[in-house]
Amino acid sequence: MTDDLLSQLNPPQQRAVATLEGPVLVLAGPGSGKTRVLTHRIAYLITVAGIDPFHILAVTFTNKAAREMRERLATLLGEAVAADLTVGTFHAICARWLRRDIVHLGRERDFVIYDSDDQERLMKRVLRELNLNEKQNPPRAILSAISRAKNELISPEEFARAARSYFDEIVARCYARYQALLSESNALDFDDLLGETVRLLREHPTVRERYQERYQFLLVDEYQDTNRAQYLIVRALAERYRNLFVVGDEAQSIYAWRGADVRNILQFEHDYPDATVILLEQNYRSTQAILDVAQALISVSPQRKYDKRLWTTNGAGEPVILYEAFNDEDEVQFVIGEIMRLIASGKARPGDCAILYRTNAQSRLVEEALVQAHLPYQVVGGVRFYERKEVKDVLAYLRLAANPYDSVSLQRIINWPGRGIGERTVTELIVWARQLGVPLYQALSELASGVDNPFTARSRAALLAFHALIADLNQRRAALPLLELIDFALTAVGVKETLAQEYDTEEAEDRWRNVQELRNAALAYLHLPIENQLAAFLEDIALVADIDALDRNSDVVTCITLHQAKGLEFPNVFVLGIEEGLLPHSRSLSQRETLEEERRLLYVGMTRAQHRLYLCYAAQRALFGRLSESQRSRFLDVIPPHLLKRAGRRGYRATPSLQNSMFNSRSRPRSEPARQLSRPTTVTFFAGQRVRHATFGEGIVVSSRLIDDDEEVTVRFPDRERRLLASFARLERITDG
DNA sequence: CGGGCTGACATTTTT
DNA sequence: TGTCAGCCCG
């Protein structure tokens with residue numbers, strides 16, 4: 001067994017697996033087998049060092065990774081051993097710990113977890129209460145400021161003290177009220193799961209020691225993407241035994257925008273001077289051609305403390321293709337055509353292909369084209385199942401059954417289905433509850449007991465009926481198995497009838513199917529004790545990520561954002577929209593750090609590819625359904641041309657309109673002149689476009705093709721069709737309006 | 001109170 | 001392109 005575990009590994013991997021004690025930092029380049037190292041190390045700890053799996057904690061970046069790791073270990077060591085390990089994401093692990101120990105912080109263990117939609121609803125309520133305008137104070141912006149504060153463990157009071165700007169003052173007031181309402185609702189948001197855990201470990205030495213004793217061996221994956229709170233959790237746990245094993249790659253740090261701090265990994269050696277540092281540089285995933293391109297891109301990155309040099313024995317492989325498209329439609333058509341070609345020639349199956357993009361919005365066009373081509377596919381992300389309205393509405397009832405103080409859920413369905421409680425009445429209820437200083441649900445209870453209240457008899461009756469419904473659900477929770485509870489709720493609420501009434505037949509059926517799917521998901525929880533079923537169900541739903549649903553076993557094309565693609569690999573990878581403003585994204589251009597993160601994002605995308613990598617960009621792209629010109633990304637300009645094989649509209653460069661060229665020259669910093677490859681300038685036309693010719697007048701473009709470095713455009717003029725060379729004809733585009 | 005219409009406006013990435 | 005807030009009317 002021991003020999004087995006090490007014999008399949010290269011020397012640095014072996015060191016990483018066999019260095020059992022003390023802090024270890026593994027810098028693992030993409031495709032260098034870090035997952036294998038992690039699982040083998042755990043197996044080694046258990047079988048060779050005789051460590052009880054009970055004492056091992058492994059933190060992964062996604063639930064899916066956790067599940068896969070546990071499965072692999074079950075194969076290596078058996079189900080029973082794997083079951084004793086603690087494996088999960090920071091959020092899932094913290095949620096579990098808090099269920100057990102949050103009482104030490106003076107809170108209830110049946111808390112609900114608020115997702116970003118819940119957070120936004122709560123923040124809107126806060127703004128209304130504080131008489132703040134939603135337009136001037138966007139809830140999302142305020143929430144993101146609060147999230148940043150929470151990641152740094154800054155309390156509302158501290159935030160208020162440090163506030164310097166007007167915006168910070170606003171945020172400070174919102175933060176305080178937001179936190180009060182969360183607590184009143186017996187709810188935690190994502191950041192609280194981490195922050196409250198830090199507080200628990202900090203403020204309660206006996207609890208901290210208990211966890212330190214339990215988790216004597218710690219493993220943390222994707223360490224470059226941990227935030228301050230996660231760093232503190234790890235530090236607190238590792239304090240005693242110092243058996244801390246972290247794996248990461250600074251070049252793949254892509255989550256600074258949500259609080260990840262790359263300094264955590266860069267300063268590991270400072271935090272733990274006795275750390276063993278291991279570099280994994282042999283790549284087992286990609287061809288040399290792919291690595292060369294990726295290396296060219298990342299070598300320009302300024303901050304690289306650990307300069308890994310990836311190498312492989314895989315051979316050169318096929319050249320990386322750069323496709324220059326007329327527009328986004330053309331780009332997608334090329335990708336589909338290429339996938340079909342690969343499949344037809346037996347070089348690939350649909351499941352070997354992945355289409356990567358920067359923003360979810362780009363997936364629409366891709367999806368449409370895949371449908372048209374009859375290619376099977378899956379889109380990761382986009383409209384999430386558990387965020388669909390009908391699903392969240394039903395969930396709101398279940399959440400109230402678990403915790404009636406959940407005010408966001410209560411407000412969500414207090415009038416769904418319509419039961420005569422309008423906006424006016426809801427506002428009145430909120431104001432009244434605040435006067436009484438109690439959560440909304442308790443205000444309803446007060447109402448039932450007949451105290452003085454501001455409601456009309458009609459409103460009061462409606463509110464009481466609603467209160468009775470929730471109280472009933474809440475009572476049945478303890479006695480009913482989850483499935484029966486759900487069925488009871490669906491019937492009592494009249495969900496099916498409500499959907500039938502709200503939507504036309506087809507959509508109502510669609511939505512009802514989604515509700516049924518939610519019900520099916522509950523089947524997995526029936527083996528638990530009845531009193532735990534609902535809580536476990538709700539918690540898992542709150543913490544699932546899109547990527548968790550990714551199915552690598554089905555033979556379908558995967559469409560996915562660059563962020564979600566981290567950690568995955570595919571034989572054939574297509575990266576779309578490598579254009580200024582999209583990748584790098586326009587929101588990242590103003591700061592060096594955010595811009596560099598975009599570079600790493602593309603690096604992550606490129607290094608997902610095993611055999612074939614296609615890089616694509618388009619000269620025109622529909623944005624909000626409006627056509628706009630784009631320029632190839634600066635990231636492409638640092639790749640030596642000989643590493644790329646160009647395809648498509650070769651030599652194309654957009655002829656910017658006057659407005660565009662003004663915009664471009666202004667938006668590009670003077671200190672950084674535009675890097676341009678020397679390419680002939682041509683003009684691009686596409687079918688259907690209206691054009692004007694000095695002699696022939698107005699016409700419509702029928703088709704267009706490239707001849708050498710010029711473009712032949714066929715245009716139908718009033719008299720007849722003519723073929724023109726774009727460089728001579730001086731065709732003028734006619735734009736409507 | 002509820003339904004329907006319109007116009008404004010927004011999109012980065014996600015546990 | 002799609003969503004959502006705000007307005008009007010029954």
Side-chain angles (χ1 to χ4, degrees), chain A residues 59-66 88-95 113-117 119-121 124 128 133-135 138-141 143-144 147 150-151 188-195 222 225-227 229-230 253-260 356-365 368 380-384 386-387 389 415-426 456 458-459 462 501-502 539-548 560-566 577 581-589 594-595 597-598 600-602 604-605 621-627:
Chain A
V59 184
T60 58
F61 199 65
T62 62
N63 296 301
K64 179 171 166 281
T89 63
F90 273 107
H91 288 87
I93 289 168
C94 289
I113 299 166
Y114 277 180
D115 67 16
S116 36
D117 177 57
Q119 289 179 281
E120 215 171 304
R121 284 166 181 266
K124 285 181 179 174
R128 246 164 265 152
N133 184 320
E134 260 179 54
K135 289 268 148 64
R140 281 156 181 271
L143 282 167
S144 113
S147 177
K150 286 189 176 183
N151 283 164
L188 300 184
D189 65 20
F190 285 136
D191 299 316
D192 287 340
L193 291 174
L194 306 175
E222 305 283 7
D225 282 325
T226 50
N227 63 27
Q230 291 164 339
S253 124
I254 55 172
Y255 282 100
W257 54 272
R258 72 172 206 214
L356 276 50
Y357 37 77
R358 178 67 177 83
T359 67
N360 276 311
Q362 290 169 262
S363 70
R364 163 182 255 112
L365 212 55
E368 282 169 6
V380 179
V383 192
R384 287 158 220 189
Y386 291 112
E387 283 173 19
K389 185 184 177 299
N415 201 37
W416 186 89
R419 48 173 75 87
I421 304 174
E423 201 186 307
R424 211 193 136 86
T425 307
V426 173
T456 62
R458 202 157 108 185
S459 300
Q501 195 210 321
E502 283 180 350
E539 179 162 315
D540 285 353
I541 286 173
L543 297 177
V544 287
D546 295 323
I547 190 69
D548 297 334
I560 191 169
T561 63
L562 288 161
H563 280 91
Q564 301 211 85
K566 189 171 78 161
L582 199 54
L583 186 59
H585 195 273
S586 52
R587 305 277 285 245
S588 75
L589 298 177
T594 51
L595 184 68
E597 183 152 308
E598 299 285 305
R600 295 190 295 267
L601 192 54
L602 179 55
V604 167
R621 179 172 300 278
L623 218 60
F624 304 127
R626 168 170 298 206
L627 215 59

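Just so it is clear: chains get the letters A, B, ... in the order the sequence lines come, proteins before strands, and each one is counted from 1.
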Please report the distance, rounded to the nearest Å, between CG in A:D191 and P in B:dT15. 13 Å
Working note: A:S116 + A:Q119, criterion side-chain hydrogen bond (donor to acceptor under 3.5 Å, both in side chains); need CA distance, chi angles, decisive distance, verdict. CA-CA 5 Å; A:S116 36; A:Q119 289 179 281; 5.1 Å; no
Distance check needed: B:dT13 P versus A:L602 CG, whole Å only. 17 Å
With nearest nucleotides of DNA chain B determined for A:H91 and A:N415 from heavy-atom distances, which residue corresponds to the more 5′ nucleotide? A:N415
On DNA chain B, more 5' by nearest nucleotide between A:S459 and A:L601 is A:S459
With a 4.0 Å cut-off on N to O distance, would you call A:R258 and A:D225 a salt bridge? no
Checking all strands, does A:K124 fall into the base, sugar-phosphate, or nothing category for heavy-atom contacts under 4.0 angstrom? sugar-phosphate
Taking atom C1' of B:dT13 as reference, at what distance in whole Å does atom CZ of A:R140 sit? 12 Å
Just how far, in rounded Å, is C1' of B:dA10 from CD of A:E134? 14 Å
If we count only N and O atoms by modelled type, under 3.5 Å, do the side chains of A:S459 and A:T456 hold a donor and an acceptor together? yes
At a heavy-atom distance below 4.0 Å, which nucleotide of DNA chain C is the first touched by chain A, and which is the last? C:dT1 to C:dA5
For DNA chain B, list all stems, counting runs of three or more consecutive pairs where every pair is Watson-Crick or G-U wobble with both distances under 3.5 Å. B:1-9 with C:2-10
Test of understanding: with salt bridge (charged side-chain N to carboxylate O under 4.0 Å, His left out), list the residues that count as partners of A:R621, not counting sequence neighbours. A:E331, A:E579
Gap separating the OH atom of A:Y114 from the CG atom of A:L193, nearest 0.5 angstrom: 13.0 Å
Quick check, does A:W257 stack with B:dT13? I mean ring centres under 5.5 Å and planes off by under 30°. yes
Between the CG atom in A:D540 and the CD1 atom in A:I113, the distance rounded to the nearest 0.5 Å is 9.0 Å
Would you indicate what A:T425 reaches in the nucleic acid, counting non-hydrogen atoms under 4.0 angstrom: base, sugar-phosphate, or nothing? sugar-phosphate
Roughly how many Å is it from CG in A:L562 to P in B:dT14, rounded to a whole number? 10 Å
